[in-house]
Asks: 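Pasting a structure below so you can have a look.
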2 protein chains.
Amino acid sequence: MSKSEISPNKPYDTVPSDERFHLSNRLLFRFFKTANCMHTAGTKWTSELKLTSQQWSVIGALARPGHEEGVSVNELSEFLLVSRQNVNGLLLRLEHHGISQRVPDPRDGRAKLVQLTPQGWVIWKQLINRISEFYDVALVNFTTEELVQFQHFIDKLQRNLGTI
Amino acid sequence: MSKSEISPNKPYDTVPSDERFHLSNRLLFRFFKTANCMHTAGTKWTSELKLTSQQWSVIGALARPGHEEGVSVNELSEFLLVSRQNVNGLLLRLEHHGISQRVPDPRDGRAKLVQLTPQGWVIWKQLINRISEFYDVALVNFTTEELVQFQHFIDKLQRNLGTI
DNA sequence: TATTTAATGTCAATATATTTACATATTTTT
DNA sequence: AAAAATATGTAAATATATTGACATTAAATA
């Protein structure tokens, strides 16, 4: 049952209103909205620590095993998939709260190593437990199999977007 | 195989490092990043129209069948799941480009009806085709069944977040 | 009818995110 | 060693998003 049979007067380049379009539209629109809700809910979840969900990501990236001695701004930018300039702004705010610091990279005079301060490590330990609770709420009623499947879809979408 | 059997010295409230946590962490982290990439890729996709992907949402909401005569800012805010203030900013930019306008609501002196201008309708017709191409790229290699399943997961996550 | 309550839109402050542009430091090349 | 190319970090302009505050209009209540 092709589209042209249904609406012969509406060619593809005028009104792409077939099922596939509506399905895609609904899916990606909700993906958008859900990501936004996740950010808002996450930020509310750790409001007592004065940390936004983006800041979770940065702190988590700095606390990764094997990266305790420091990470360059560029590495952070690539890991988080956001611009260097955005990372810089995030770091300025974290530094203002005494959570992270930048020290010169002994092996590259151009670069600086971003690392958690001792206070940052304390906050990380509180944060990771709070985040874990958040995950439990956000993903309650998902089986392990569903989580795997869900992530598989996200990764596929992400790869497709990477081609743009 | 409970966690306490694996690492008896690491109680839940210190290092929640079990499989479930890592799976959740990876999934939501990638969800975040993918949404961000989607915004960036989408905005690049319609850069020749000078429209960002958030503006797609607003224009699309104003072009919905049955809402051509206008929608209140509050309705827009609820539909898009973003704050009234954010909608206001988006509308200011759209109005600056002659795409939308606000007219007094004859049935409610407090409210204003947001509607597309004639030029806005012209742009919408160009936009919807470009968006359709974007969807095709973003969701290539997804079967219809997978799209349905994917959206089911997103909706479930969204509902869980709504409880926070 | 007068007062309170609620809905609506907007302003201001702040955080997140992008692109463009540029200064500085390090490599690489000549 | 000097010049060109590259990597890195920042600054500025703009868009998106939030919360808090507030003015105005409408609706509910006294």
Side-chain angles (χ1 to χ4, degrees), chain A residues 32-47 50-58 70-78 80-97 99-114 164, chain B residues 32-47 49-59 70-78 80-97 99-114 164:
Chain A
F32 248 147
K33 293 200 289 187
T34 301
N36 190 25
C37 288
M38 206 159 87
H39 171 209
T40 304
T43 298
K44 188 189 291 182
W45 193 259
T46 51
S47 58
K50 301 277 180 191
L51 292 171
T52 69
S53 54
Q54 280 88 344
Q55 293 172 352
W56 298 4
S57 307
V58 178
V71 184
S72 78
V73 174
N74 252 22
E75 280 179 279
L76 270 179
S77 164
E78 283 162 23
L80 302 172
L81 287 184
V82 296
S83 65
R84 283 200 323 275
Q85 295 85 335
N86 184 16
V87 170
N88 186 52
L90 283 160
L91 290 177
L92 285 177
R93 286 181 284 274
L94 288 179
E95 287 158 10
H96 185 255
H97 289 98
I99 289 172
S100 68
Q101 58 187 355
R102 282 180 253 203
V103 299
D105 185 338
R107 291 172 306 178
D108 189 339
R110 297 171 296 186
K112 286 177 182 172
L113 290 177
V114 185
I164 291 177
Chain B
F32 247 147
K33 293 201 288 187
T34 301
N36 189 25
C37 288
M38 207 160 88
H39 171 210
T40 304
T43 298
K44 189 190 291 182
W45 192 259
T46 51
S47 58
L49 291 173
K50 302 276 180 193
L51 292 173
T52 68
S53 54
Q54 280 89 342
Q55 292 172 354
W56 299 3
S57 307
V58 179
I59 299 174
V71 184
S72 78
V73 175
N74 252 22
E75 280 179 280
L76 270 179
S77 165
E78 282 161 23
L80 302 172
L81 286 185
V82 296
S83 64
R84 286 200 321 275
Q85 296 86 332
N86 184 17
V87 170
N88 185 54
L90 283 159
L91 290 176
L92 286 176
R93 286 182 284 274
L94 289 178
E95 286 158 10
H96 186 254
H97 289 98
I99 289 173
S100 68
Q101 60 188 355
R102 280 180 258 202
V103 300
D105 185 338
R107 290 173 305 177
D108 189 339
R110 299 170 294 184
K112 288 177 182 173
L113 289 177
V114 185
I164 290 178

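Lettering of chains follows the sequences in order, A, B, ..., and the numbering in each one begins at 1.
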Asks: End-to-end bend of the helix from C:dT1-D:dA30 to C:dT30-D:dA1 (five-pair axes, 10° rounding)?
Replies: 0°

Asks: Is the shortest heavy-atom distance from the side chain of B:N88 to the side chain of B:R102 under 4.5 Å?
Replies: yes

Asks: Looking at the side chain of B:Q54, which of D:dT16, D:dT8, C:dT18 is the nearest nucleotide?
Replies: D:dT16

Asks: Give A:L76 one of three labels, base, sugar-phosphate or nothing, depending on what nucleic acid heavy atoms sit under 4.0 Å from its own.
Replies: nothing

Asks: May I ask you to test the A:V82-A:V87 pair for a side-chain heavy-atom distance under 4.5 Å?
Replies: yes

Asks: Could you state the atom-to-atom distance from CG of B:D108 to P of C:dG9 in whole Å?
Replies: 8 Å

Asks: Round to the nearest Å and state the distance from A:H39 atom NE2 to C:dT16 atom C1'.
Replies: 7 Å

Asks: Reckon B:R84 has a side-chain N or O less than 4.0 Å from the OP1 or OP2 of D:dA21?
Replies: no

Asks: Classify B:S72 by what it touches in the nucleic acid, base, sugar-phosphate, or nothing, heavy-atom distance under 4.0 Å.
Replies: sugar-phosphate

Asks: How many Å lie between CD on B:Q55 and P on D:dT14, as a whole number?
Replies: 15 Å

Asks: With heavy atoms under 4.0 Å as the rule, sort A:R102 into base, sugar-phosphate or nothing.
Replies: sugar-phosphate

Asks: Hey, which of these two, A:F32 or A:N74, hits DNA chain D nearer its 5' end, going by closest nucleotide?
Replies: A:N74

Asks: With side chains defined as the heavy atoms from C-beta onward, is the minimum distance between A:V114 and A:L94 less than 4.5 Å?
Replies: no

Asks: Is any side-chain heavy atom of B:V73 less than 4.5 Å from a side-chain heavy atom of B:K112?
Replies: no

Asks: Nearest-Å distance, CG (B:D105) to C1' (C:dG9)?
Replies: 13 Å

Asks: Would you find a donor on one side and an acceptor on the other, under 3.5 Å apart, between the side chain of B:H97 and the backbone of B:R93?
Replies: yes

Asks: When you measure from every atom of DNA chain D, which of residues 85-96 of chain B have a heavy atom less than 4.0 Å away?
Replies: B:Q85, B:N86, B:L90, B:R93

Asks: What's the CE-C1' distance between B:M38 and D:dT16, to the nearest Å?
Replies: 15 Å

Asks: Rounded to the nearest 0.5 Å, how far apart are CZ of B:R84 and OG of B:S72?
Replies: 10.0 Å

Asks: Whole-Å distance between D:dA15 C1' and B:H97 NE2?
Replies: 11 Å

Asks: Starting from P on D:dT16, measure out to NZ on A:K33 and report it in whole angstrom.
Replies: 17 Å

Asks: Are B:L81 and A:C37 close enough that some pair of their side-chain heavy atoms sits under 4.5 Å apart?
Replies: yes

Asks: Taking the nucleotide of DNA chain C with the nearest heavy atom to each, does B:T40 or B:E78 sit closer to the 5' end?
Replies: B:E78

Asks: At less than 4.0 Å, is any side-chain N or O atom of B:K112 found next to OP1 or OP2 of D:dT25? Yes or no.
Replies: no

Asks: Consider the side chain of B:N36, meaning its heavy atoms from C-beta on, and name the nucleotide among C:dT8, D:dT16, C:dA17 that approaches it most closely.
Replies: C:dA17

Asks: Touch check for A:S83, heavy atoms < 4.0 angstrom, all strands: base, sugar-phosphate only, or nothing?
Replies: base

Asks: Does A:L91 reach the side chain of A:L76, with side-chain heavy atoms less than 4.5 Å apart?
Replies: yes

Asks: Are any of the side-chain heavy atoms of A:V58 and A:Q54 separated by less than 4.5 Å?
Replies: no

Asks: Between B:K44 (NZ) and D:dA15 (C1'), how many Å, whole number?
Replies: 17 Å

Asks: Provide the closest heavy-atom pair for B:S53 versus A:F32 in the form atom of the first, atom of the second, distance.
Replies: OG-CZ, 3.4 Å

Asks: Check the phosphate of C:dT16 against A:T52, side-chain N and O only, distance under 4.0 Å to OP1 or OP2. Yes or no?
Replies: yes

